[in-house]
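These notes are about the structure you will find just below.
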Protein chains: 8
Amino acid sequence: MNNKEFRLDLDRLQRLGMVEAVWGEHKSFEQISEILRKLESSSQLALITRVTFEKASDLLNRFKNAEYHSAAACLTLGVPLIQDSSLGEVLIVSGGTSDVRVAAEAELALRMHGIKTELILDIGVAGLQRLLGSLERFANAKVVIVCAGMEGSLPTVVAGLIPQPVIGVPVSVGYGVSEKGKAALYGMLASCSPGLSVVNIDNGYGAAMAALRIIKS
Amino acid sequence: MNNKEFRLDLDRLQRLGMVEAVWGEHKSFEQISEILRKLESSSQLALITRVTFEKASDLLNRFKNAEYHSAAACLTLGVPLIQDSSLGEVLIVSGGTSDVRVAAEAELALRMHGIKTELILDIGVAGLQRLLGSLERFANAKVVIVCAGMEGSLPTVVAGLIPQPVIGVPVSVGYGVSEKGKAALYGMLASCSPGLSVVNIDNGYGAAMAALRIIKS
Amino acid sequence: MNNKEFRLDLDRLQRLGMVEAVWGEHKSFEQISEILRKLESSSQLALITRVTFEKASDLLNRFKNAEYHSAAACLTLGVPLIQDSSLGEVLIVSGGTSDVRVAAEAELALRMHGIKTELILDIGVAGLQRLLGSLERFANAKVVIVCAGMEGSLPTVVAGLIPQPVIGVPVSVGYGVSEKGKAALYGMLASCSPGLSVVNIDNGYGAAMAALRIIKS
Amino acid sequence: MNNKEFRLDLDRLQRLGMVEAVWGEHKSFEQISEILRKLESSSQLALITRVTFEKASDLLNRFKNAEYHSAAACLTLGVPLIQDSSLGEVLIVSGGTSDVRVAAEAELALRMHGIKTELILDIGVAGLQRLLGSLERFANAKVVIVCAGMEGSLPTVVAGLIPQPVIGVPVSVGYGVSEKGKAALYGMLASCSPGLSVVNIDNGYGAAMAALRIIKS
Amino acid sequence: MNNKEFRLDLDRLQRLGMVEAVWGEHKSFEQISEILRKLESSSQLALITRVTFEKASDLLNRFKNAEYHSAAACLTLGVPLIQDSSLGEVLIVSGGTSDVRVAAEAELALRMHGIKTELILDIGVAGLQRLLGSLERFANAKVVIVCAGMEGSLPTVVAGLIPQPVIGVPVSVGYGVSEKGKAALYGMLASCSPGLSVVNIDNGYGAAMAALRIIKS
Amino acid sequence: MNNKEFRLDLDRLQRLGMVEAVWGEHKSFEQISEILRKLESSSQLALITRVTFEKASDLLNRFKNAEYHSAAACLTLGVPLIQDSSLGEVLIVSGGTSDVRVAAEAELALRMHGIKTELILDIGVAGLQRLLGSLERFANAKVVIVCAGMEGSLPTVVAGLIPQPVIGVPVSVGYGVSEKGKAALYGMLASCSPGLSVVNIDNGYGAAMAALRIIKS
Amino acid sequence: MNNKEFRLDLDRLQRLGMVEAVWGEHKSFEQISEILRKLESSSQLALITRVTFEKASDLLNRFKNAEYHSAAACLTLGVPLIQDSSLGEVLIVSGGTSDVRVAAEAELALRMHGIKTELILDIGVAGLQRLLGSLERFANAKVVIVCAGMEGSLPTVVAGLIPQPVIGVPVSVGYGVSEKGKAALYGMLASCSPGLSVVNIDNGYGAAMAALRIIKS
Amino acid sequence: MNNKEFRLDLDRLQRLGMVEAVWGEHKSFEQISEILRKLESSSQLALITRVTFEKASDLLNRFKNAEYHSAAACLTLGVPLIQDSSLGEVLIVSGGTSDVRVAAEAELALRMHGIKTELILDIGVAGLQRLLGSLERFANAKVVIVCAGMEGSLPTVVAGLIPQPVIGVPVSVGYGVSEKGKAALYGMLASCSPGLSVVNIDNGYGAAMAALRIIKS
């Protein structure tokens with residue numbers, strides 16, 4: 001293949017205020033290595049999402065500034081930006097234990113940018129008392145990210161209770177009609193609660209960047 | 001067309017305990033008239049669903065024992081069975097004003113069979129306090145039918161709060177991803193609340209018959 | 001990940017009359033272990049669905065009160081509630097041999113709650129004489145759960161023959177248009193038999209809980 | 001528009017043994033008139049399907065050899081072929097009153113080719129006794145065409161009971177998941193009865209031509 | 001229908017900071033009148049979306065405090081909140097002339113809440129110079145709402161160029177694969193630009209409320 | 001699991017003239033073994049479709065009357081019926097090399113019933129001369145089965161050229177929009193050639209049984 | 001609505017060599033009038049697609065340089081570019097009479113740009129002899145546009161016979177699975193003929209512009 | 001299996017000017033070997049697409065004139081045609097690193113036919129400056145092939161900037177709504193840029209052949 005050249009979007013940090021992020025799932029070890037080498041040589045921070053433990057192990061051997069975060073299945077390069085609490089806090093909640101990876105990806109992506117986060121798991125609407133019992137913890141958040149699979153009704157209920165920005169992340173857990181997160185996605189988009197916005201299925205990183213845009217606006 | 005003959009399922013009442021019901025939407029005035037004539041001559045009760053006001057007016061002129069119910073868009077033939085309160089009550093709730101026709105169809109179908117019903121409208125989850133404030137009215141119901149359009153999360157929340165049988169009816173209101181009720185249907189089927197069962201979109205009659213089976217079991 | 005905490009819905013038994021149930025498919029050995037530890041320490045019964053033999057073997061080593069049910073691919077914790085025959089019996093039927101896992105999951109979930117069950121396999125409508133020859137066994141059932149893959153017409157035929165509550169469970173066997181159970185699901189929802197209600201594809205547990213709600217109502 | 005010329009497939013009768021058939025729904029009065037003029041001038045028979053009463057009235061004024069068949073919503077040109085009973089009979093059955101147009105289209109298309117037909121309406125599976133009570137009338141048929149909407153399980157049940165060729169025609173009646181006939185189509189394709197073949201939704205003409213191919217083979 | 005009562009969510013303004021909004025499309029003149037009467041009697045502001053000119057004319061006759069906004073196809077009740085420019089401005093852009101109604105609905109909904117807005121139409125990506133030539137007008141916006149039909153790539157391009165929150169609104173213009181806005185919706189959710197969030201197809205009101213949550217956070 | 005019993009449809013041969021056929025894909029070695037044991041003990045022929053080489057090897061060790069057919073991925077039990085050439089021949093054609101398994105399954109299923117078959121591979125429409133050069137071989141066939149993946153236009157072209165019954169079998173080869181055979185299925189159902197009938201994707205067995213019904217009618 | 005301004009892409013002719021084209025279907029009489037006024041004042045040519053006869057009549061009254069083309073349902077403004085035969089000819093073929101509007105739109109769009117066109121209608125693959133008998137007319141074309149509805153196999157057959165560029169246009173005629181052109185679209189994309197490219201359903205204009213790009217390259 | 005014979009389309013080179021190409025993914029080692037043997041014996045060039053490294057290794061051992069191209073996952077047989085620069089150059093661009101395989105397949109297929117190619121990777125629209133900075137390299141191309149996954153908006157932006165033929169290739173990278181390339185495909189078909197044509201998802205070979213048809217026309 002002649003003329004091949006990987007073009008990283010190296011001024012993204014300056015233009016958008018976001019560190020370089022690479023979707024790692026469909027990329028080979030060699031492709032990710034080449035990207036990390038370029039970033040390292042220009043002293044950039046980076047977040048590689050959806051990296052398996054096996055692929056990560058090989059990369060950690062080669063890149064000493066890299067770190068693996070197993071709950072989020074992400075690899076980071078470089079030292080996160082220093083936390084600036086004055087910007088406000090992002091609360092990340094999830095409906096079930098199976099949504100943890102997506103919630104953790106959102107949390108990590110925000111921490112890489114110096115944003116303070118808090119995480120509450122397992123407050124699905126099937127047992128509403130768990131959500132209602134946690135409501136006081138929502139008051140401090142500047143933005144709330146809500147991850148949910150199955151029928152995905154948690155963001156609807158949350159957005160009906162609080163006035164802050166709420167970002168829904170459909171999660172691809174479930175089977176039958178909820179397989180691959182389509183039921184949750186449609187449920188969030190169709191929500192009867194006003195002002196709920198949504199990102200792609202499993203896109204914890206995207207929700208984090210939407211929250212970052214808000215928190216810096 | 002030779003050999004044509006409409007075959008009504010005239011022993012349905014005896015076999016299933018249900019009065020004859022006819023889906024009126026795709027049938028012409030002539031087809032419905034012929035059916036009503038046969039039923040009337042055998043002194044049967046009947047429920048014709050999804051009949052427009054115009055079609056109903058013409059039919060009322062011809063059949064003196066018929067009655068039109070505009071909220072439910074249904075036509076009935078004959079006198080409903082006498083209400084037997086000892087069988088218990090079916091509570092029908094809906095998430096929004098637009099779901100009224102479907103809820104009214106379910107209510108009418110049950111009353112035709114002598115079942116006591118109660119109706120609560122407009123307790124959608126976007127304002128959870130409305131549902132929580134009505135909970136004591138759920139206690140008396142033997143079965144609860146929940147109609148909801150949009151993202152359809154009301155049945156999930158209800159089924160997480162009460163132990164009785166809950167039947168979800170997706171309603172075809174909404175636009176975009178919720179158009180035609182698919183988001184609500186998938187949301188109910190994917191529900192994280194255990195033991196919620198579902199009928200076809202807009203099928204108030206079907207939910208009523210499922211409730212009737214339960215209440216007579 | 002800071003602030004993480006699993007929140008089990010520990011009062012579900014009191015609120016809904018249902019033992020704790022956990023969907024095991026997307027959860028790791030560690031996640032299930034942590035859940036079982038909490039439940040064991042509070043002396044709760046539990047049902048873990050969709051657990052592979054391999055994952056189950058490891059869990060059985062750690063939890064002495066656990067038991068694996070291979071036909072249903074479920075793991076249970078604790079002693080089932082004592083069977084109370086006075087509540088009535090739930091009949092579970094399936095159209096083909098391939099539906100066995102789903103039917104067995106429904107049966108197990110009901111037995112955990114002390115409900116009497118009966119199971120009839122392989123009475124698909126392609127050979128109608130098998131169904132018609134078994135009809136007398138339907139008479140004693142208070143509720144009938146019908147599992148079917150392919151075109152899923154068995155629940156329609158059953159609900160046209162008997163007056164009791166019938167719950168359809170689409171099963172994800174088949175190929176081409178019936179792959180993943182969508183044809184069966186749609187067939188059941190579209191059913192011309194009045195009062196058939198439906199749960200998500202492969203959701204034997206959900207059908208069981210819908211039956212439990214009925215049988216206790 | 002230069003170079004425009006309608007090219008009728010005038011040797012279809014010789015090549016396939018089928019009279020010219022034109023799908024009338026999306027064609028204007030002028031387009032159909034031009035086609036009929038060409039066919040009339042070459043003394044050909046023709047069947048125009050899906051013609052509204054209004055369009056037909058105008059065409060009848062202009063073409064004296066044309067006839068309108070309102071139950072089938074078809075217009076024919078010329079005298080049907082003489083019936084040849086020795087070829088055998090095609091039985092056309094339908095599950096509900098709403099399927100009549102499709103069944104009538106199939107019947108008319110066969111009669112145009114001189115094939116003997118019989119028609120049985122309203123033997124849906126929700127009242128199985130109606131089908132079982134008509135079974136002796138199936139014995140004489142060389143081919144059976146089964147039209148059904150909703151969940152479309154009638155062809156499956158029929159094909160499990162008789163050894164003759166069975167052609168399923170999904171019909172676009174129903175609402176919710178059965179709207180536009182998709183549930184019926186998928187149900188027939190996914191059928192557990194061996195050797196059921198299927199044509200497009202509402203394609204009564206196509207089923208008739210499949211039957212004609214069989215009956216002449 | 002006994003026990004019927006419309007339950008407006010009258011404390012929404014206090015809880016969420018949003019005036020009452022009613023989706024007018026599927027509601028009859030009578031239903032909307034009843035709602036407006038209740039709101040008027042409690043001196044509440046209201047926004048009724050998706051109201052045709054005809055329905056609006058009748059309502060204007062009855063409610064003297066109501067006003068119709070034809071570009072947005074909305075009816076408002078009461079005097080908008082006084083504009084508070086210190087909160088910042090929301091920029092609303094659209095890709096084509098056909099998206100105007102949705103953009104106007106978003107603009108009106110924000111103005112009802114006292115938010116300053118600016119509107120730029122017709123800067124679709126097929127002629128990129130139009131967007132690039134307008135970029136300086138984006139700098140002042142605190143939030144940007146981007147409406148686009150067809151393939152919906154405008155929000156992706158915008159979100160790659162500016163750091164502020166960007167909310168995409170798919171619009172149901174187009175034909176073939178873009179009919180009803182599905183291609184635009186999927187394109188926005190699948191966007192390669194980080195932090196773009198999305199609302200339901202044609203949901204200008206929802207985008208406005210998401211922007212309101214941000215601007216007040 | 002109590003009360004479990006496999007019910008084979010043992011009189012299918014008498015009722016439909018078809019030997020027992022079992023769909024082997026989703027069944028375990030134990031399930032198939034139990035079925036074969038019952039069939040063997042009642043001296044029945046059987047066809048097990050979609051059996052992998054590995055599963056077949058184990059079964060061959062246990063059942064001495066079984067035979068594996070690798071091209072068709074089927075296992076047969078017992079001696080095929082004696083070929084009766086007077087019934088006529090079924091021609092099976094396929095569009096590409098990748099369709100071979102499905103074509104071979106159809107061929108084997110017919111040979112089990114004593115039907116004479118002929119097979120022509122690789123006559124896809126992209127090189128029309130291959131089809132046109134083989135046309136004389138179609139003349140002798142009583143029924144033609146056409147297997148095709150990708151866009152599935154071969155059955156349409158064939159049915160436009162010959163008057164015999166043509167059964168289309170969509171094949172699940174292809175990628176992108178043709179993945180899993182949906183494009184081929186829709187193409188065959190939508191065919192502009194009159195009288196083409198269709199079976200489920202990859203259902204070579206079903207096409208064979210449809211041909212058998214025809215050839216015996 | 002403040003700040004509103006329609007931005008026409010007035011340098012499109014210079015940048016892409018294409019005259020201004022406007023999709024007229026979802027635009028009001030007022031919106032189109034405003035666009036035409038701007039174009040007229042800058043002496044630009046324009047093509048407005050998908051304009052009904054009624055809307056066109058009103059526009060013709062106001063714009064004296066406009067012309068309506070009923071077969072194509074398009075309105076043009078200004079005098080077409082002078083035909084330059086040296087660029088080569090585009091052949092436009094269609095499978096059926098119902099595809100005429102789309103074919104005529106493609107033809108008109110090319111003639112507006114001075115491209116020579118030829119049109120052949122009604123050469124669908126169900127009667128292959130019509131196509132094979134017209135093949136010599138394909139030899140002179142530099143590009144071939146093939147419009148087809150139903151199963152859409154005509155472009156596949158054409159692209160297998162000739163070496164020139166072939167552009168497929170799926171047409172939204174048909175019913176059942178071919179309704180709205182999805183089956184034709186998928187069939188063309190899945191085509192087994194190498195190098196067939198495709199545009200959106202009914203997009204005759206788009207196919208014309210793809211041909212223009214080729215013919216000018 | 002009797003009468004089996006693989007029929008290669010051996011005159012494709014003469015008829016269409018294209019070397020034999022075989023889709024290797026669903027074919028076994030034996031099937032590909034048999035095809036290569038026939039081609040080798042008739043001294044034909046060939047391109048086998050979608051061949052894994054493992055399958056290729058075995059084939060390379062047997063066929064000495066074969067070569068494997070790992071970036072494209074293709075195997076070639078024979079010496080490519082001599083490059084003829086006078087025909088013009090095809091530029092192949094991609095939006096992201098993950099699209100490389102598809103772009104490389106297109107490049108290889110063109111080089112096999114003696115066409116000059118150039119490749120530019122990683123110029124996705126999220127960082128528009130990368131595309132705008134490369135625009136001068138587009139000027140020399142006679143045809144541009146644009147590969148893109150996710151939301152697939154790169155071909156739309158490119159086709160709005162340059163007048164040459166642009167062929168879009170949707171790529172099956174992404175997750176959630178962009179999984180399997182459907183969002184990219186729909187985005188390209190729905191494109192607001194005039195004259196963009198599209199091939200099947202991942203069909204680099206098809207795009208190359210469409211380009212070849214253009215470049216030779």
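Remember, predicted model here, so these are calculated numbers, not experimental data. In what follows, chains carry the letters A, B, and so on, assigned in the order in which the sequence lines appear, proteins first and then strands, with residues in each chain numbered from 1.
- Put simply, OH on H/Tyr175 and CG on A/Asn200 are 5.5 Å apart, with the number rounded to the nearest 0.5 Å.
- Within the 4.5 angstrom heavy-atom criterion, only backbone atoms of H/Ala126 (N, CA, C, O) approach chain A.
- Separating the CD atom in H/Glu179 from the NZ atom in A/Lys182 is a distance of 8.0 Å, to the nearest 0.5 Å.
- The most heavy-atom pairs under 4.5 Å with chain H, out of A/Lys27, A/Arg15, A/Arg50, come from A/Arg50.
- In this structure, chain H has no heavy atom under 4.5 Å from any part of A/Leu16.
- Contact of H/Ser172 with chain A is made through the backbone alone, with heavy-atom distances under 4.5 Å.
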